[in-house]
Amino acid sequence: MRDPLTVLTEAFTSFLFGKVETTRLPVRTSTGQAQAVYLPTAAPGLGDSGVIIGREVYSGKGYIYDPFQLYGQQLPAPHWLVLGESGNGKSALEKTYVLRQLRFRDRQVVVLDAQGEDGAGEWNLIAQQLGITPIRLDPMAALDQGIRLNPLDPAITTTGQLALLRTIIEVAMGHGLDERSGFALKVAHAYVNETIVQRQPVLTDIVEQLRHPEPESAESMNVAIDDVRAWGLDVALVLDRLVDGDLRGMFDGPTTVGIDLDAPLIVFDLSHIDRNSIAMPILMAIVGVWLEHTWIRPDRKKRIFLVEEAWHIINSPFVAQLFQRLLKFGRRLGLSFVAVVHHLSDVVDGAAAREAAAILKMASTRTIYAQKADEARATGRVLGLPRWAVEIIPSLTPGIAVWDVNGNVQVVKHLITETERPLVFTDRAMTESSADFNDDALRAAELEAEERAAAFMEQHIGDSSESTVA
């Protein structure tokens, strides 16, 4: 029997506040309906200032990224590494990212385009629609008054010229210069710069001076003139390749007049160069130093330097050291370096493992598209990705990637608009049949691409400000 005081208390409480306890009937439902009881959560985004990349897969939120807006707050460095197997959307991401960045008036982009399509670089169509002529480095075209970049261009400082010459030689030889060869190169370079003042010095002048050094060069170090000549012989033979070998015509004359370094987009078309030859890292070195001394300026512009097939840089110790310095220097002047690599194992297990690790460390943003399971695990170890991200990388479908922005890891679906699609479509050779590939069909496709691109540019380019979302 219940205590009378307890009964009286409960009755009084019910009178004042209503019935305290309720009886809940059991509910039968499905897991699909019950999931609404526990609302999903998602990691915070990167803010709302920058360019739209796409949609965060788990939450459906828009994903916005801009290294210049995030730098100093969420990013310690504005550099970006893009990884993944071919055919998963790396190229489309790069191109739409550049097009959307160009909506901002204070953006400027340089692309080293090492991929070929229809006899030209794959960035050729985008350059055309922007009214820009790519700088096509081609040994055959160079012999017929093609594009030239002079390593001894007066726009490059004397110190920069000598550093570039050393890098070219070391890349070609596969080892560093010894003290004697370095001395022979230094005195030849100094003599050429002092005596040739009526025109731009060129590589032929350096080669000639190495073969026939001045007596003063030997006397200054109290050595025989024949010794100085012998020390510089190997150096002369390497440089002769740029003058009279398979790379002749591209670097053995004054820099071509008319290269517009103020254009919003500058494309170096390297698609006619054998990507597996020693020529590619030599080209990377020359273009890198030339840009460092002629393009990067303290003018408040935000610059993006995008390099296709970047393993040519990271896998060569001498070129990697050069670009490592460029990254450190460029960060103070608003430079975002974007390196595109198929496999991380191409570089971390290569000859420049130490230099590669330093460059990877400076890349605070990493985007990883689908990879095989073994490669994904290796990538996860090197980049320090969480386990869940490593496990889903092999199952990612084209257009979806894992984004790691200084520890903020999300899965993002890249979205391409209809106006952008014809500009970023680069797999015609795999998707078109021979019956479709005729003059009329090709012309119709080109006209459609031009119309859509023109509409895109008219709508977007120029209608921008530094703070709006692209």
Side-chain angles (χ1 to χ4, degrees), residues 45-55 62-75 77-82 89-113 121-132 134 260-268 291 295-297 299-308 310 327 330-331 333-340 363-367 401 403 405 412 414-417 419-421 423-424 426 453 455-470:
L46 301 175
D48 58 1
S49 183
V51 298
I52 295 176
I53 299 297
R55 185 174 62 245
Y63 193 79
I64 298 173
Y65 170 79
D66 190 295
F68 305 109
Q69 298 291 336
L70 298 174
Y71 177 69
Q73 302 175 18
Q74 300 183 53
L75 279 181
H79 309 307
W80 180 16
L81 176 68
V82 183
K90 297 193 306 297
S91 179
L93 173 66
E94 300 153 24
K95 291 174 181 176
T96 56
Y97 175 74
V98 167
L99 286 170
R100 295 168 190 179
Q101 280 284 3
L102 289 178
R103 290 187 59 191
F104 298 101
R105 293 191 181 95
D106 65 343
R107 301 294 196 263
Q108 194 179 32
V109 182
V110 162
V111 175
L112 298 192
D113 182 7
E122 65 172 81
W123 285 78
N124 187 61
L125 182 57
I126 290 177
Q128 286 181 349
Q129 298 306 321
L130 289 174
I132 293 165
D260 184 7
L261 294 179
D262 293 320
L265 175 66
I266 305 169
V267 177
F268 287 88
L291 287 173
W295 178 57
I296 301 176
R297 302 186 291 270
D299 55 5
R300 300 297 182 182
K301 278 195 175 183
K302 307 296 188 297
R303 291 179 165 88
I304 300 169
F305 187 14
L306 190 151
V307 182
E308 301 266 12
L327 266 60
R331 186 167 60 178
L333 297 177
L335 174 69
S336 173
F337 177 70
V338 184
V340 184
S364 299
T365 301
R366 288 82 68 90
T367 300
W403 281 67
V405 181
V412 179
H414 174 219
L415 298 180
I416 306 173
T417 67
T419 52
E420 291 171 328
R421 192 171 299 280
L423 294 176
V424 305
T426 60
F456 176 82
M457 298 305 167
E458 182 178 355
Q459 179 182 359
H460 297 293
I461 300 298
D463 181 19
S464 61
S465 66
E466 188 171 352
S467 60
T468 57
V469 176

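Just so it is clear, the model here is predicted, and its values are computed rather than measured. Only this structure's heavy atoms are used, side chains among them; waters, hydrogens and symmetry mates stay out.
- Here the CD1 atom belonging to I64 is positioned 9.5 Å from the CD1 atom belonging to I53, to the nearest 0.5 angstrom.
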Check step by step if side chain to side chain contact (heavy atoms under 4.5 Å, CB included) holds for L265 and I126. CA-CA 9 Å; L265 175 66; I126 290 177; 3.9 Å; yes
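- Considering only heavy atoms from C-beta on, R300 stays 4.5 Å or farther from D106 through its side chain.
- In this structure, R303 and W295 have side chains that are in contact, with non-hydrogen atoms separated by less than 4.5 Å.
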Passes side chain to side chain contact (heavy atoms under 4.5 Å, CB included), V405 versus L75? Steps please. CA-CA 7 Å; V405 181; L75 279 181; 3.6 Å; yes
Does the side chain to side chain contact (heavy atoms under 4.5 Å, CB included) test come out yes or no for L415 and I52, once each step is laid out? CA-CA 9 Å; L415 298 180; I52 295 176; 6.0 Å; no
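- In this structure a side-chain-to-backbone donor-acceptor pair under 3.5 Å is present from Q108 to A263.
- If you take CG on L102 and CZ on R107, they are separated by 9.5 Å, rounding to the nearest 0.5 Å.
- If you take CG on L99 and CG on L130, they are separated by 6.5 Å, rounding to the nearest 0.5 Å.
- We find the CG-CG distance between L327 and L335 to be 6.5 Å, quoted to the nearest 0.5 Å.
- Counting heavy atoms from C-beta on, the side chains of H79 and V338 never come closer than 4.5 Å.
- Remark: I132 CD1 to I266 CD1 distance equals 8.0 Å, nearest 0.5 Å.
- The one candidate from Q101, E94, K95 that meets the side chain to side chain donor-acceptor pair (under 3.5 Å) condition with Y97 is Q101.
- Looking at heavy atoms from C-beta onward, V98 lies in side-chain contact with W123 at the 4.5 angstrom threshold.
- Between F68 and G334 the shortest heavy-atom distance is CE2-O, 3.7 Å.
- Here W403 pairs with Y63, Y65, W80 under the ring-ring contact (aromatic ring centres under 6.0 Å, His included) rule; sequence neighbours left out.
- Residues V110 and L291 form a side-chain contact, since some pair of their non-hydrogen atoms from C-beta on lies under 4.5 Å apart.
- D66 has no carboxylate O lying under 4.0 Å from a charged side-chain N of R100, or vice versa, which leaves the two without a salt bridge.
- Rounded to the nearest 0.5 angstrom, L70 CG and T365 OG1 are separated by 7.5 Å.
- Residues A92 and I416 share a closest heavy-atom pair of CB-CD1, 3.8 Å.
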For S336 and F305, what are the C-alpha separation, side-chain angles and deciding distance, and is it a side chain to side chain contact (heavy atoms under 4.5 Å, CB included)? CA-CA 6 Å; S336 173; F305 187 14; over 6 Å; no
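- Looking at T96 and H414, their side chains do bring a donor and an acceptor atom within 3.5 Å of each other.
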